[in-house]
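The structure appears below as structure tokens.
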Amino acid sequence: MQCLKPIIPPPEMASLAIHTVGSVFIFCLGLWHLISSFKAHLKTPREYTAKLWHPLSSRFCKHLELYIQLVGILLAISYNLATSSDFNPLIKGTTPVHRLLSLQSAAVLCVFLIVVLAVLASESNGGCRLPIPGEALFLMAASGFGLQWAMLRAGAFLTSDIEGKCESLLGATAALCCASAIVLALRPKAFVADVAMSSALCLQGLWFLQSGLSLHVESFIPQGCHRLLDVPGQAEGSTQCDLDEYKLRALVLLDLLFVVHIIVVVVIVLIVCSLVSRVLGVRRHGGYEPLDNSNHREMVFVKAEP
């Protein structure tokens, strides 16, 4: 009688699953901020002020967004720490580069963890409440996005072929988030910067999924490139191209895909703006001011008089 062997998913499927979960988390966070920003601005344009987080209307679920972020960041930190401590003798050197990059990712995520805890402390009603202004919170978030951009930029130089390109383009979304957060720290009423940061989060989520598909799914890897079966997916050089011609073609294709994702995000922004304005009943000029039916009837009556 044969022993039953445990079903272990292949490494590429595990890497794709991580990219999918992270992509959904980041994209939903950006979409939620986008909807909330449009809703707040269309209701009261003159009193609008950007927020690093948007509470729910329910008293019991007011801080639900912060708790979801807290859980997601803790899981991401745990995953990166587990990846950095995984030893594989097939990888050259005593300290593989991908293990150091995983440690860097965990360190950057710790910055975002501190930001979420600071927001929770500023919203607390007990003795642990910290009166942190919103501008300071945006500045802390900008430092996290800046570190993320620097880490991805350094990782793009350390890796080669399409892996470096994917990380470089992902770093561009982090740079846009950093710049938008700095603008909001200086000008909290800058609605355009708030929309830009939310859109950059949506773009980062979409491109994170595209990176997982282009690096770990054989049917999505550009022609002429392939995964090395004896190297883990997190390691540098796990996806390589056979010839320079195939490599250049793959890089141009990734640039094209990035532009397509930008177009998709722009369409999403327009759809969200249209739906939110329609739900709120906002007129073309002015804020959220419902029309008074009694005044409207009086105006009609006056006009009808000879």
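From a predicted model like this one, the values you see are computed outputs, not experimental measurements.
- In terms of heavy atoms, Lys165 sits closest to Leu251 at CB-CD2, 3.5 Å.
- Checked by atom type and distance alone, the side chain of Ser274 never pairs as donor or acceptor with a backbone atom of Leu270 at under 3.5 Å.
- In the hydrophobic cluster analysis, where Ile, Leu, Val, Met, Phe, Trp and Tyr join through side-chain heavy atoms closer than 4.5 angstrom, Ile221 is grouped apart from Leu253.
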Original post:
Checking side-chain contact (heavy atoms from CB on, under 4.5 Å) for the pair Ile268/Phe27: CA distance, chi angles, key distance, verdict?
Top reply: CA-CA 11 Å; Ile268 291 175; Phe27 178 80; 3.8 Å; yes

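- When all heavy atoms are compared, the tightest approach of Ala156 to Glu167 is N-OE1, 3.3 Å.
- The backbone N or O of Leu176 lies less than 3.5 Å from a partner atom in the side chain of Ser180, making a donor-acceptor pair.
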**OP:** Evaluate side-chain contact (heavy atoms from CB on, under 4.5 Å) for Leu275 paired with Ile35, printing each intermediate quantity in order.
**Re:** CA-CA 9 Å; Leu275 292 178; Ile35 295 173; over 6 Å; no

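- Using a 4.5 Å heavy-atom cutoff, the side chains of Leu169 and Leu257 are not in contact.
- In this structure, CD1 in Ile73 is found 6.0 Å from CG in Leu113, a value given to the nearest 0.5 Å.
- Atom CD of Glu218 is surrounded by more than 12 heavy atoms from other residues, nucleotides or ligands within 6.0 Å.
- Evaluation of the disulfide (SG to SG under 2.5 Å) rule for Cys178 yields no partner, not counting sequence neighbours.
- In this structure, Glu65 and Leu29 approach most closely via the heavy-atom pair OE2-CD1, 3.6 Å.
- Both Leu117 and Phe112 are part of a single hydrophobic cluster, where members link through side-chain heavy atoms under 4.5 Å apart.
- Summarising the geometry, atom CG belonging to Leu52 is positioned 11.0 Å from atom CG belonging to Leu139; distances are rounded to the nearest 0.5 Å.
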Original post:
Stepwise, does the side-chain contact (heavy atoms from CB on, under 4.5 Å) test hold for Leu81 with Leu103?
Top reply: CA-CA 6 Å; Leu81 291 177; Leu103 284 175; 4.1 Å; yes

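- Put simply, Val108 and Val21 are part of two different groups of oily side chains (I, L, V, M, F, W, Y) that touch within less than 4.5 Å, one to the next.
- In this structure, NE2 on His216 lies 4.5 Å from NE2 on His19, to the nearest 0.5 angstrom.
- Scanning both residues, Cys273 and Leu42, for their nearest heavy atoms gives O-CD1, 4.5 Å.
- Annotation: side-chain contact (heavy atoms from CB on, under 4.5 Å) contacts of Ala193 (sequence neighbours excluded): Val183, Leu184, Ala190.
- A continuous path of hydrophobic side-chain contacts links Val269 to Val264 [ILVMFWY only; heavy atoms under 4.5 Å].
- Atom-to-atom distance recorded for Leu75:CG and Phe25:CZ is 9.0 Å, nearest 0.5 angstrom.
- No more than 12 heavy atoms of other residues, nucleotides or ligands sit less than 6.0 Å from atom OH of Tyr246.
- Side-chain atoms of Lys62 and Leu56, non-hydrogen and from C-beta on, never get closer than 4.5 Å to each other.
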Which pairs of donor and acceptor atoms, one on a side chain in residues 201-209, lie under 3.5 Å apart (sequence neighbours left out)?
unit_1: Gln204; atom_1: OE1; unit_2: Gln148; atom_2: NE2; d: 3.2
unit_1: Gln204; atom_1: NE2; unit_2: Thr173; atom_2: OG1; d: 3.3
unit_1: Trp207; atom_1: NE1; unit_2: Cys166; atom_2: O; d: 3.2
unit_1: Trp207; atom_1: NE1; unit_2: Ser211; atom_2: OG; d: 3.4

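- Of the possible donor and acceptor atoms, none in the side chain of Lys189 sits under 3.5 Å from a partner among the backbone N and O of Ala50.
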Subject >> Derivation of the side-chain contact (heavy atoms from CB on, under 4.5 Å) call for Phe220 and Leu215 >> reply: CA-CA 8 Å; Phe220 285 90; Leu215 295 176; over 6 Å; no

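- Rounding to the nearest 0.5 Å gives a distance of 8.0 Å between OG of Ser219 and CG of Leu213.
- Taking 4.5 Å as the limit, some side-chain heavy atom of Met151 sits within range of a side-chain heavy atom of Ser105.
- Separation of atoms CG (Asp194) and OG1 (Thr49) is listed at 10.0 Å; rounding is to 0.5 Å.
- Close placement of the His63 and Trp53 rings is indicated, their centers lying within 6.0 Å of each other.
- Heavy-atom minimum distance, Ala250 versus Ile162: CB-CG2, 3.5 Å.
- Note on ring orientation: taking the six-membered ring where Trp is involved, the planes of Phe38 and Phe191 are perpendicular (angle over 60°, cut-offs 30° and 60°).
- Cluster annotation: Ile262 is not connected to Trp149 through the hydrophobic network of ILVMFWY side chains, with a link wherever side-chain heavy atoms come within less than 4.5 Å.
- Scanning all heavy atoms of the two residues, the minimum distance from Leu137 to Ala118 falls at CD2-CB, 4.1 Å.
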